[in-house]
Amino acid sequence: MIELVVHVLVLIGLIISAVLTITFKDLLAAALASGVFSLLISVEFYILQAPDVAISQAAVGAGLTTAIFIIAIRATQRFEGETE
Amino acid sequence: MFLNLPYVTVVLLTCLGIAAILFKRNLLKILLGINILESAVNLLIIAIGYREGGVAPIYTLAPSTNMVLPTPQALVLTSIVIGVATSALLLSFSIIIYRKYGTVNVNLIRELRE
Amino acid sequence: MTDPWLALPFWYPVVAVLLFLALLATVRLALGPTPADRAVAVDTVNTLVIASLILLSVQFNEMIFIDVAIVYAILSFVSTLFIAKYIGGELSG
Amino acid sequence: MIPFLITTGSVLVFYLILTAGSGTIGLWSLSELVAGVCASVVAGLLTKSFLCHKGDYRMLNPVRLVLAVCYVIGPFFLEMTKANLDVAYRVITMRIRPGIIRVQSDLKSDLGIFMLANSITLTPGTITVDIDEETHDLYIHNINVGEGDEVRPAFRDHELFSLANLPAWIRRIAE
Amino acid sequence: MKQIIALITILVFAGSLLMIVTNFQFGVPIKSDMDDYFLKFGQVQTGTNNQCTSVTFDFRGFDTLGESTVLFTAVMGVALMFRRFIRGEDDADE
Amino acid sequence: MAVDGLVLSTGYGLWSPLAWIVTFVIALIACYLLWRLGVSSYKPGTEQSAPYLSGNKADDPTALHVPGGNLYWGFIEGLKWYYDRIIPLHTGIVTDYLIWMFGVAAILLVLVMVVI
Amino acid sequence: MRMSKIVRTATDILYPFIIIFGFYIILHGHLTPGGGFQGGAVVATGTALVLVAYSWKELPGLVSKNLLWFQESGGLLLFIGAGLAAMIIGFPFFYNWLAGSGSIFGTPVAFGPNPGDLNTGGFLPIMNIAVGVEVWGGLVMVLLYLLSALEREERA
Amino acid sequence: MIAEMLIVLVLVIGTIFNALGVIGLLRFPDIYTRMHATTKATTFGSIFTSLAVVIYGFWRLFVTADSQFLTLAIHAIIAIFALAFTNAVSSHAIARAAHRMGVRPIPAVCDRLEEFKP
Amino acid sequence: MISDFIWANSPILLVAIPLIGAFICPLIGKVSTDVRRAWVMGIVTLTTAIAAIVVYRVYTEGIVTYVFGAAASGMTVPMDSGGIPIRIIFTIDPMGALMEIITAVVGFSVIFYSLSADARRSGLEQYYTLFLLLIASVMGMVSTGDLFNFFVFIEISSMACAGLIAYRIERGRAVEAAIKYFIISTVAAIFLLFAIAILYGEYNALNIAMIASRMQFTPLDKVALVLIVVALLAKCGAVPMHFWTPDSYGLAPSAVTAMLVVASQASLYGLFRFVFTMYNLTFTAGMMGWTLIIIGVLSMVIGVTMAIPQKDVKRLMAFHAVSQTGYMLLGVGVGLAVLGNASLMDQFGRMAMEGGIFHIINHAMYKGLLFLTAGAIIYRVGTRDLNKLGGLGHQMKWTMVFFIIGALAIAGVPPLNGFASKLMIYESVYLFNPLLSIIAMVVSILTLASFVKVFHSIFMGPQRPEFSEVKEAPRPMLIAMGILAFVVILFGLIPVQVVSTLISPAAHALIDRAGYIAAVLGGV
């Protein structure tokens with residue numbers, strides 16, 4: 001029962017962070033939320049007994065994708081822009 | 001035991017990713033949508049390979065018969081690497097686009113039409 | 001599997017509480033007026049999740065799963081530094 | 001050469017700690033030792049210019065290392081516990097009076113100022129916000145500035161700690 | 001108009017993918033004969049404890065070669081993007 | 001017969017490259033013969049080679065060239081109703097392209113699921 | 001631009017240990033969770049730590065692009081060469097010709113969490129090292145190129 | 001039994017401090033005070049929850065003499081060090097960045113750094 | 001000894017040699033430019049030779065299988081596994097061999113071409129590396145018998161293509177084309193991965209033959225089928241998803257464009273492989289066939305009508321590529337639609353499929369030739385606007401001849417190869433549905449019309465003063481074009497031999513699902 005609770009919490013966190021990633025107008029915040037998303041999906045892999053994948057996802061999602069993304073934001077623009 | 005919650009999550013994440021791809025106008029946001037979509041597929045593959053009460057496919061203790069399937073993990077490893085490579089390439093394209101066009105809004109990146 | 005220590009009921013509840021706290025911290029992630037607030041929230045989530053990963057590795061009785069937590073502890077530092085460097089306006093050539 | 005040896009040695013120790021309990025030669029197996037030496041030589045070659053950046057080898061002194069361990073589990077941990085009780089009190093009562101103050105320190109080495117800054121961050125009511133690169137003055141966010149303290153231009157470093165004189169410890173370790 | 005089409009599309013996708021939820025049962029793989037082979041013989045054939053690695057590098061090693069090549073390709077693409085131009089390389093075209 | 005191997009038969013029609021080549025060669029020979037019948041009093045560079053436009057002076061040759069964009073003006077004008085619909089579809093916005101892709105997938109999904 | 005002195009000192013202390021931890025993950029890829037890609041990503045992130053704490057231009061001769069190119073190509077060539085070696089001794093491509101051979105990396109493996117049986121796994125450790133080296137070079141190179149793009153942005 | 005009690009005690013302490021940190025994160029008015037809550041309390045709490053794992057590992061090592069529990073304990077200690085080390089430094093980095101970005105401590109009584117760098 | 005080695009390992013050498021060439025290429029470029037050229041040329045020649053060996057092997061021995069990492073290369077099913085293949089298996093049947101011929105020929109001539117075309121540019125080491133990677137990935141895509149491996153190769157090919165499209169980044173439009181192509185192909189690859197996940201979850205197998213033998217046609221299989229079809233249609237540029245095609249074909253360097261055509265054909269090959277081998281005779285065969293037919297007809301019509309008003313020569317040719325893709329889809333779609341009916345199949349279905357498959361190879365050849373001529377013109381003249389070009393027939397005679405050959409071939413004028421395949425498609429499709437055949441013919445006429453326009457604008461007319469300095473294209477370019485033109489004429493003159501030796505076995509291999517399964521799983 002209690003593992004179900006843990007599982008559900010992680011899945012809810014996934015959905016929330018995905019929604020936040022999409023809805024933020026500030027791309028920096030979106031990148032942060034995407035970092036949380038990949039962290040939580042790594043936890044989900046961990047719970048589903050895939051530690052290799054969890055390390056991989058943590059390394060990529062936490063460290064590198066966020067870093068590359070922030071450099072890209074720095075090189076482009078930070079806000080999404082309201083105009084069509 | 002866990003019902004089919006991971007699969008439901010996969011469906012929801014897929015919808016969110018597609019929504020980000022189709023409704024957002026910013027290239028970097030579209031990239032984030034693609035990332036979410038990829039993560040959804042990865043989660044689906046891992047969830048397919050899960051066995052109730054299984055342990056990781058690493059022989060740390062005595063041999064156990066109830067291990068989760070190893071192939072999905074191998075597939076997802078490959079898929080994650082492909083995801084990071086995709087992100088890197090797409091972001092560098094975006095940087096060049098911004099340098100040339102002054103924007104990353106897809107509605108304004110349309111010199112090639114008709 | 002017959003290890004009596006595994007039946008001890010105190011790992012999972014703590015993990016559940018920690019993850020719940022991590023979810024609470026995402027509220028600050030959603031609200032935070034400045035990016036720095038959001039970075040603090042992400043840092044908090046990272047710490048809490050690392051703690052729960054360490055506990056989960058004991059729960060699963062797989063001692064080497066703890067490597068994941070170490071990797072995450074190190075790597076989240078790097079991404080936090082990148083964020084800090086960016087919002088401090090120091091990220092340049 | 002000396003930086004390479006120091007880096008390799010410390011890295012090898014870390015590797016051996018990581019793989020402790022793997023075999024029969026002491027706590028380690030033979031292949032583990034061989035792999036550890038190879039890996040640490042490579043890592044030492046690649047990172048020798050970092051760990052011994054300033055050409056300052058005083059941390060090789062075993063007394064200082066022992067003191068460092070004592071420092072972490074002794075006074076530092078004590079201050080940290082107090083800090084957390086303090087935070088708990090402030091979280092519950094919301095009785096805060098924050099401000100950024102300037103702290104002067106006579107620590108000279110990089111490691112010393114680094115340890116002091118981290119100690120300040122993890123101990124009562126204070127967070128290091130910025131550092132003056134030349135004079136090593138720390139700018140500190142204090143959650144509860146004392147009455148009348150906001151007019152003081154600078155503090156001494158030991159005034160921040162109440163239970164133990166952490167700067168003195170750090171001076172003994174790192175200077 | 002486009003928004004409505006996109007919304008309908010997403011709904012259709014969600015409906016189709018819900019079939020995954022109804023057809024697969026979480027925790028019970030439908031078939032597992034290939035993976036059972038890996039779990040049974042992998043340790044003996046490849047001499048590894050980590051069956052995930054043995055699948056990644058031995059049984060499906062060619063995929064891993066492809067994966068590394070993907071990374072290599074991406075690095076090449078990024079290097080191509082940020083290369084330095086040689087002098088006088090103006091595009092005569094257009 | 002060796003020629004059989006060169007005939008592409010589709011059941012209703014056939015295509016024989018060999019016969020075609022023979023025809024082509026015959027046509028070439030005929031052309032050559034016709035060319036030989038001509039009078040060789042042509043001198044390049046004189047007014048014989050200039051185009052005769054009812055006695056008017058010829059235009060500058062470069063101005064006579066019809067640029068490619070104008071070639072099928074009539075065709076495009078005649079199918080204006082079609083082109084007015086089809087060209088705006090190529091908007092140049094990548095999201096629209098993705099909507100097309102997802103839309104086709106959705107239509108096919110509905111077809112596969114519902115119709116059959 | 002550099003970050004503050006505290007971050008730089010922390011980087012100096014942490015960097016060798018991150019590198020060795022990445023090596024640990026690479027070398028133990030066939031025994032514990034981890035492997036070439038994961039370890040390579042950890043090491044690359046360690047280098048990213050240096051890149052972020054210092055300015056990428058003032059790195060003391062560590063991150064040279066030539067070395068990175070060589071790592072990238074060399075890792076992949078080692079990988080594919082391990083496969084081709086099987087072909088040369090008469091087996092199909094990617095045949096695990098070292099497993100169970102009794103020579104280097106050829107002893108059978110025992111059960112255990114951290115048994116120190118590094119000398120097992122056939123050519124899997126070689127491949128792990130190859131992939132690790134390649135991933136390290138590749139990811140750091142991506143970061144370096146993106147950072148150099150930033151610099152060019154500022155000059156323009 | 002004593003070990004169990006100890007583990008439960010440590011876990012409870014850790015959880016409480018983590019909770020306090022998160023509450024502080026939600027309640028405090030500006031970023032610097034929030035950072036007080038998160039940095040100190042969550043680091044301390046996480047150290048305590050991980051300390052439970054260390055105690056568990058050493059206790060089981062003592063009982064069973066199985067070397068994998070030594071691995072567990074050592075890796076948990078390393079995780080604790082990594083956690084404390086990186087948390088302190090990264091909170092300093094964020095605070096510095098926030099101040100450079102122009103976030104001022106809102107209810108502050110004094111701001112010496114403002115005078116140092118106008 | 002060495003010949004035995006190469007003979008036995010030829011399927012993997014086909015992929016491994018370009019890969020090794022690509023891995024060494026960035027290092028060797030640091031030595032000298034000439035060394036790099038010689039290296040690239042040698043690698044491509046070697047690849048072509050190996051491809052010839054593989055093709056010869058396939059046409060003499062039947063389906064060739066190669067198992068990675070098994071104790072013996074022919075051991076597709078291990079003894080103790082209970083009859084399931086567990087490793088990655090290369091399965092090359094005549095259809096795959098046909099695609100390998102295309103890749104080898106086009107790749108060889110295109111590398112030869114670009115050695116002279118791009119000699120004065122920067123970033124050439126990455127350029128050639130990506131080119132070799134593209135060749136390797138296309139070879140892998142058409143050789144592999146494993147679903148996930150196909151996905152990996154398709155990712156490599158789309159990344160290499162995107163990098164190559166954006167090669168001239170000083171034009172922002174090239175990067176725009178590349179990013180559009182890359183986003184669409186990434187989403188397509190995610191679709192494919194979704195389908196793979198579903199199929200893996202149902203059958204716990206990744207081998208195509210294994211999945212085919214276990215196929216049960218559940219609703220999930222339908223979802224997977226739709227995802228696969230849409231993904232690969234998008235990758236090959238069929239109509240509602242064709243928007244990336246003119247952009248990327250138009251903006252890439254011409255040599256790359258010729259190779260992009262081949263990469264698209266490889267996706268088409270994947271589509272045919274999955275539909276025919278994995279889902280052969282399901283209850284969706286008729287519907288899928290009609291889907292392919294409708295999409296094919298749409299591609300033909302919209303492609304050619306959009307081509308007519310274009311002013312950019314390469315963009316115009318790109319729209320023709322869309323239109324020609326429609327022919328292939330039409331031919332093979334007709335074959336798929338009547339797959340279950342043996343009498344109809346004998347009557348015209350097989351012929352339609354042969355026509356469609358023959359069109360693949362013809363299209364790769366003449367479209368490659370046309371793009372190379374366009375590239376030569378742009379290289380010498382510096383503009384691609386049809387309104388500004390004119391009168392080049394005076395100086396670029398050989399280019400004009402090659403252009404005429406290509407244009408007549410694409411329009412289906414005898415005696416060139418386009419005519420042969422189009423004749424087969426017309427005749428057989430007429431029996432299936434006369435309307436479709438008539439549409440195809442009309443499209444063919446419009447194709448001819450639009451190429452008359454191109455020919456007129458580029459080569460006809462008086463010599464223009466601004467082009468008086470223009471010279472003939474460099475000799476390596478002409479040789480590269482000559483190779484392709486030779487193949488075009490050759491296939492036009494001996495279509496029967498080509499059809500009976502190359503095309504008919506390929507079509508048979510697509511239909512013969514049991515043979516494919518038996519080659520992998522051992523007689524079922």
Side-chain angles (χ1 to χ4, degrees), chain A residues 3 6-7 9-11 13-14 17-18 21 24-81 83, chain G residues 1 3 11 14-15 18-19 21-53 55-56 113-114 124 128 131-132 135-156:
Chain A
E3 58 251 48
V6 169
H7 206 103
L9 279 172
V10 174
L11 294 179
L14 269 180
S17 52
T21 309
F24 275 142
K25 290 285 177 207
D26 184 354
L27 280 172
L28 182 64
L32 287 170
S34 144
V36 172
F37 176 81
S38 76
L39 164 64
L40 286 175
I41 205 157
S42 150
V43 176
E44 176 70 21
F45 290 153
Y46 192 92
I47 291 175
L48 295 183
Q49 301 285 333
D52 292 82
V53 185
I55 293 183
S56 206
Q57 177 77 40
V60 166
L64 286 161
T65 308
T66 316
I68 297 174
F69 205 88
I70 284 168
I71 295 174
I73 291 172
R74 171 66 183 73
T76 59
Q77 61 190 18
R78 190 174 133 192
F79 290 95
E80 197 176 316
T83 55
Chain G
M1 207 186 289
M3 294 189 79
T11 304
L14 210 52
Y15 182 49
I18 293 181
I19 298 278
F21 189 70
F23 285 171
Y24 164 79
I25 289 180
I26 292 175
L27 287 176
H28 287 244
H30 56 297
L31 299 172
T32 62
F37 176 71
Q38 292 92 331
V42 170
V43 178
T45 320
T47 315
L49 175 62
V50 178
L51 288 178
V52 69
S55 165
W56 67 277
N114 195 0
L124 299 198
N128 272 327
V131 173
V135 168
W136 182 6
L139 293 179
V140 173
M141 199 131 60
V142 167
L143 273 175
L144 268 181
Y145 271 108
L146 287 171
L147 285 171
S148 68
L150 276 186
E151 186 219 0
R152 208 174 303 170
E153 191 86 1
E154 266 162 26
R155 257 188 309 159

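Only heavy atoms go into these numbers, but all of them, side chains included; no hydrogens, no water, no symmetry mates. First the proteins, then the strands, lettered A, B, ... as listed; each starts at 1.
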A.B. asks: Measure the CG-CD1 distance between G:L146 and A:I70 for me, rounded to the nearest 0.5 Å.
C.D. replies: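 The CG atom of G:L146 sits 12.5 Å away from the CD1 atom of A:I70.
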
A.B. asks: Heavy-atom cut-off 4.5 Å, strictly under: side chain, backbone, both or neither for A:I71 against chain G?
C.D. replies: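 A:I71 touches chain G through backbone and side-chain heavy atoms alike.
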
A.B. asks: Counting only heavy atoms closer than 4.5 Å, note whether G:V142 contacts chain A via side chain, backbone, both or neither.
C.D. replies: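 The answer is the side chain of G:V142.
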
A.B. asks: If you look at every heavy atom in A:A67 and G:L143, which pair is closest and at what distance?
C.D. replies: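 Distance-wise, the nearest heavy atoms are CB-CD2, 4.4 Å.
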
A.B. asks: Among A:A58, A:A59, A:S56, which has the most heavy-atom pairs under 4.5 Å with chain G?
C.D. replies: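 Highest number of pairs under 4.5 Å: A:S56.
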
